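Reviewing the structure listed below.
We count ligands from 1, going down the list as the structure has it; atoms in each ligand are counted the same way. Being a predicted model, the structure only gives us computed values, none of them experimental. Just so you know, these numbers use all the heavy atoms, side chains as well, and skip hydrogens, waters and symmetry mates.
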Amino acid sequence: MTGSAVREAHVVAQAKVNLFLRILAREASGHHQLETLFQRLELGDDVRVRVGVSGRSLDCGGADDLGPTERNLAWRAAAAYHAAAGWPDGWAIEIEKRIPVGGGLGGGSADAGAVLRCLNALAPRPLSAGELLALAAPLGADVPFLATEAPLALAWGRGERMLALPALPSRRVHLALFGEGVSTAAAYAALAARRGDATRPRPILWTPDRLARWDDVALVATNDFEEVVFPQREDLAAVRQMFDQVTRRVDALHHTDGEPARRDPAGGDTAPIALMSGSGATVFLLTPLDGVEVVFEVRGPGADDAEPDDDAAVTADADDDADGGEEADEGASRAPRGFAIVQTRTATRVAPVSVSG
Ligand SMILES: C[C@](O)(CO)[C@H](O)COP(=O)(O)OP(=O)(O)OC[C@H]1O[C@@H](n2ccc(N)nc2=O)[C@H](O)[C@@H]1O
Ligand SMILES: Nc1ncnc2c1ncn2[C@@H]1O[C@H](COP(=O)(O)OP(=O)(O)OP(=O)(O)O)[C@@H](O)[C@H]1O
């Protein structure tokens with residue numbers, strides 16, 4: 001131990017989904033400019049950072065080998081903080097992974113953002129929000145958002161330019177997780193190859209009111225990576241299709257010929273969203289918390305596993321309990337192989353950092 005007291009900060013490093021993701025120009029460096037709406041989830045890793053210790057260490061539980069410690073994004077975040085602030089000399093980072101690795105949910109980036117927030121909460125002379133963003137940006141496009149206190153933000157550039165937006169009401173999130181991930185580098189390369197130099201994505205005028213309700217967000221929910229990832233990954237495309245069927249059923253519950261069918265607890269803001277997150281492989285479904293319950297029943301051997309055996313099947317019921325549990329529709333579709341459903345919610349606030357010692 002050094003002379004200074006050991007102090008500890010803890011935070012839940014929340015995952016993200018991209019509610020829309022547009023990939024814009026490719027820079028001379030090969031990196032792409034993007035335009036995205038980031039939404040934090042309640043699902044998160046546990047991140048603990050201790051300072052005032054001698055030496056540097058990182059312990060990561062709950063996931064298989066994440067590669068060399070010095071390449072871990074959490075470690076790189078601490079090293080970047082030290083390089084910028086000249087503090088701390090020593091650190092002990094403990095991570096308990098709950099965010100699936102390589103799933104487009106920004107798991108490593110969330111850990112990096114959490115370490116930056118923890119260190120800033122412990123620092124004798126904290127960095128400004130702008131300085132923290134400058135540290136976060138070279139670590140990856142998702143890290144700046146995940147180092148902020150914003151539950152929802154429009155981001156552009158390489159993810160370091162942001163407009164924090166008021167949180168939208170919490171929603172139920174079904175995440176379809178696949179045993180096999182998608183390489184982010186390969187997805188960007190495939191998109192660049194498909195587009196060539198000619199494509200210029202069309203401009204959009206964003207106004208805050210286009211992002212102020214779920215119904216409005218649903219109108220702009222797209223992910224440019226789907227067009228290059230789905231042809232390679234029929235399993236993802238099939239789950240997206242299955243989620244699309246559910247969204248149609250949920251829409252039908254709330255609307256008849258374009259008119260609201262009945263009063264609903266979400267104040268009419270009911271449009272569901274089905275999309276792939278980031279460069280994949282996770283495909284997600286967002287539905288209102290009340291009035292609708294979507295039940296996925298995975299049957300067959302290995303049903304709870306991320307890689308069910310043959311003959312797994314999925315039943316999706318859109319079940320409206322607002323009206324006494326009336327069954328809206330029922331259907332069973334053949335399940336694509338090798339995925340599991342995990343439920344979480346969208347976050348309306350960013351988990352706070354707690355400091356002790
Ligand atoms: C897909 C997203 O999660 C959307 O939020 C992010 O764009 C991911 O970005 P990221 O974490 O910066 O991605 P990394 O895994 O560090 O980058 C892997 C590779 O993807 C390509 N890449 C990444 C980010 C970016 N803005 N343009 C790129 O072209 C680069 O070849 C890079 O070497
Ligand atoms: N703290 C970390 N947690 C998880 N993965 C990490 C971490 N640090 C480095 N990695 C490496 O990063 C890679 C991607 O993991 P991650 O879970 O961040 O993917 P992702 O959610 O798809 O990221 P993104 O959406 O930013 O592309 C893995 O190969 C993993 O070994």
Review point. Are the side chains of F20 and E35 in touch, meaning some heavy atoms are under 4.5 Å apart?
Key: yes

Review point. Quick one: does NZ or CZ of R76 land under 6.0 Å from the six-membered ring centre of Y81, within 45 degrees of the ring axis?
Key: no

Check your understanding: Is any side-chain N of the basic residue among K97 and D45 closer than 4.0 Å to the acidic one's carboxylate O?
Key -> yes

Point to revise | Which of the ligand 2 atoms, numbered from 1, are nearer than 4.0 Å to a heavy atom of D142 | key: 24 (P), 25 (O), 26 (O)

Study note, to complete from the structure: If we number the atoms of ligand 1 from 1 as shown, the ones under 4.0 Å from a heavy atom of A141 are 6 (C), 7 (O), 9 (O), 10 (P), 11 (O), 12 (O)

**Study point:** Contacting atoms of ligand 2, where contact means under 4.0 angstrom from a heavy atom of G103
**Key:** 20 (P), 21 (O), 22 (O)

Point to revise | Within 6.0 angstrom of D209 CG, more than 12 heavy atoms from elsewhere | key: yes

Review point. Going by the atom numbers of ligand 2, which of them fall below 4.0 Å from some non-hydrogen atom of S109?
Key: 26 (O)

Point to revise | Nearest-contact summary for atom 15 (O) of ligand 2 - protein heavy atom, Å | key: G102 N, 3.5 Å

Exercise for review: Run the numbers for me: atoms of ligand 1, each under 4.0 Å from some heavy atom of S279, listed by number.
Suggested key: 1 (C)

Revision key, fill the gap. Note: K16, heavy atoms under 4.0 Å from ligand 2, region reported as side chain

Study note, to complete from the structure: Nearest non-hydrogen contact to atom 33 (O) of ligand 1 from the set R26, H31, Q33, R158 belongs to H31

Check your understanding: Within a strict 4.5 Å, meaning less than it, do heavy atoms of the R158 and L34 side chains meet?
Key -> no

Point to revise | Any protein heavy atom nearer than 4.0 Å to atom 13 (C) of ligand 2 | key: no

Review point. Closer than 4.0 angstrom: is that true for some heavy atom of K97 and an atom of ligand 2?
Key: yes

Exercise for review: Using a strict cut-off of less than 4.0 Å between a Lys/Arg side-chain nitrogen and an Asp/Glu carboxylate oxygen, indicate whether E94 and R50 qualify as a salt bridge.
Suggested key: yes

Review point. Should G140 be listed as contacting ligand 2, given a heavy-atom distance under 4.0 Å as the test?
Key: no

Check your understanding: Any N/O of G67 closer than 3.5 Å to an N/O of ligand 2?
Key -> no

Check your understanding: Can you list the steps and then say if F230 with F225 is a ring pair (Phe, Tyr, Trp, His ring centres under 6.0 Å)?
Key -> CA-CA 8 Å; F230 285 173; F225 282 121; over 10 Å; no

Exercise for review: Check whether any heavy atom of G107 sits under 4.0 Å from an atom of ligand 2.
Suggested key: yes

Point to revise | Sidechain-backbone polar pair: R48 side chain, I95 backbone, donor-acceptor under 3.5 Å | key: no

Exercise for review: Find out whether S277 and V283 are in side-chain contact, i.e. whether some heavy atom of one side chain is under 4.5 Å from a heavy atom of the other.
Suggested key: no

Exercise for review: Below 4.0 angstrom from a heavy atom of H32, which ligand 1 atoms are there? Numbered from 1 as shown, please.
Suggested key: 25 (C), 26 (N), 27 (N), 28 (C), 29 (O)

Revision key, fill the gap. In this structure, atom 27 (O) of ligand 2 is nearest to the protein heavy atom T184 OG1, 2.8 Å

Review point. To the nearest 0.1 Å, how far is atom 22 (O) of ligand 2 from its closest protein heavy atom, and which atom is that?
Key: G104 N, 2.8 Å

Exercise for review: Pick one of side chain, backbone, both or neither for how L34 approaches ligand 1, counting any non-hydrogen atom pair under 4.0 Å.
Suggested key: side chain

Check your understanding: At what distance is the nearest protein heavy atom to atom 23 (C) of ligand 1, and which residue and atom is it?
Key -> Y188 CE1, 3.4 Å

Point to revise | Exercise: do Q14 and E42 side chains pair donor with acceptor under 3.5 Å | key: no

Exercise for review: Would you mind checking which non-hydrogen protein atom is closest to atom 6 (C) of ligand 1, with the distance to 0.1 Å?
Suggested key: D142 OD1, 3.5 Å

Point to revise | Per atom 14 (P) of ligand 1, closest listed option by heavy atom (V17, N223, T184) | key: T184

Check your understanding: Are E149 and R349 ion-paired here, with the side-chain N under 4.0 Å from a carboxylate O?
Key -> no

Study note, to complete from the structure: Distance col, row C118:SG vs E8:CD, nearest 0.5 angstrom, shows 9.0 Å

Review point. Considering only protein heavy atoms, which is closest to atom 16 (O) of ligand 1, and at what distance to one decimal place?
Key: G140 CA, 4.7 Å

Study note, to complete from the structure: closest protein heavy atom to atom 21 (O) of ligand 2 is G106 N, 2.8 Å

Exercise for review: Determine whether the side chain, the backbone, both or neither of K16 has a heavy atom under 4.0 Å from any heavy atom of ligand 1.
Suggested key: side chain

Study note, to complete from the structure: Out of L66, L105, V182, the nearest non-hydrogen contact to atom 10 (N) of ligand 2 is supplied by L66

Practice item. State, yes or no, whether a side-chain contact exists between V143 and E160 at a heavy-atom distance under 4.5 Å. Key: no

Check your understanding: Which of the atoms in ligand 1, numbered in the order shown and given with their element, are less than 4.0 Å from a heavy-atom of N18?
Key -> 4 (C), 5 (O)

Review point. Does S279, backbone or side chain, put an N or O under 3.5 Å from an N or O of ligand 2?
Key: no

**Study point:** Contact atoms of ligand 2, heavy-atom distance to G108 under 4.0 Å
**Key:** 1 (N), 2 (C), 3 (N), 4 (C), 7 (C), 16 (P), 17 (O), 18 (O)

Review point. Got a donor-acceptor contact below 3.5 angstrom from the R233 side chain to the E180 backbone?
Key: yes

Review point. In terms of the angle between their ring planes, are F145 and F38 parallel, tilted or perpendicular, with boundaries placed at 30° and 60°?
Key: parallel

Review point. Which atoms from ligand 1 have a heavy atom of G30 less than 4.0 Å away?
Key: 29 (O)

Check your understanding: Salt bridge between D224 and R195, side-chain N to carboxylate O under 4.0 Å?
Key -> yes

Exercise for review: Say whether, by atom type as modelled, one donor and one acceptor occur between the side chain of E131 and the main chain of S128 under 3.5 angstrom.
Suggested key: yes

Check your understanding: Does an N or O anywhere in G280 fall below 3.5 Å from an N or O of ligand 2?
Key -> no

Check your understanding: N/O to N/O below 3.5 Å, does that happen between R71 and ligand 2?
Key -> no

Exercise for review: Would you indicate which of L73, N18, V101, D111 comes nearest to atom 8 (N) of ligand 2 when only heavy atoms are counted?
Suggested key: L73

Check your understanding: When you measure from the side chain of D215 to the backbone N and O of A271, does any donor-acceptor pair fall under 3.5 Å?
Key -> yes

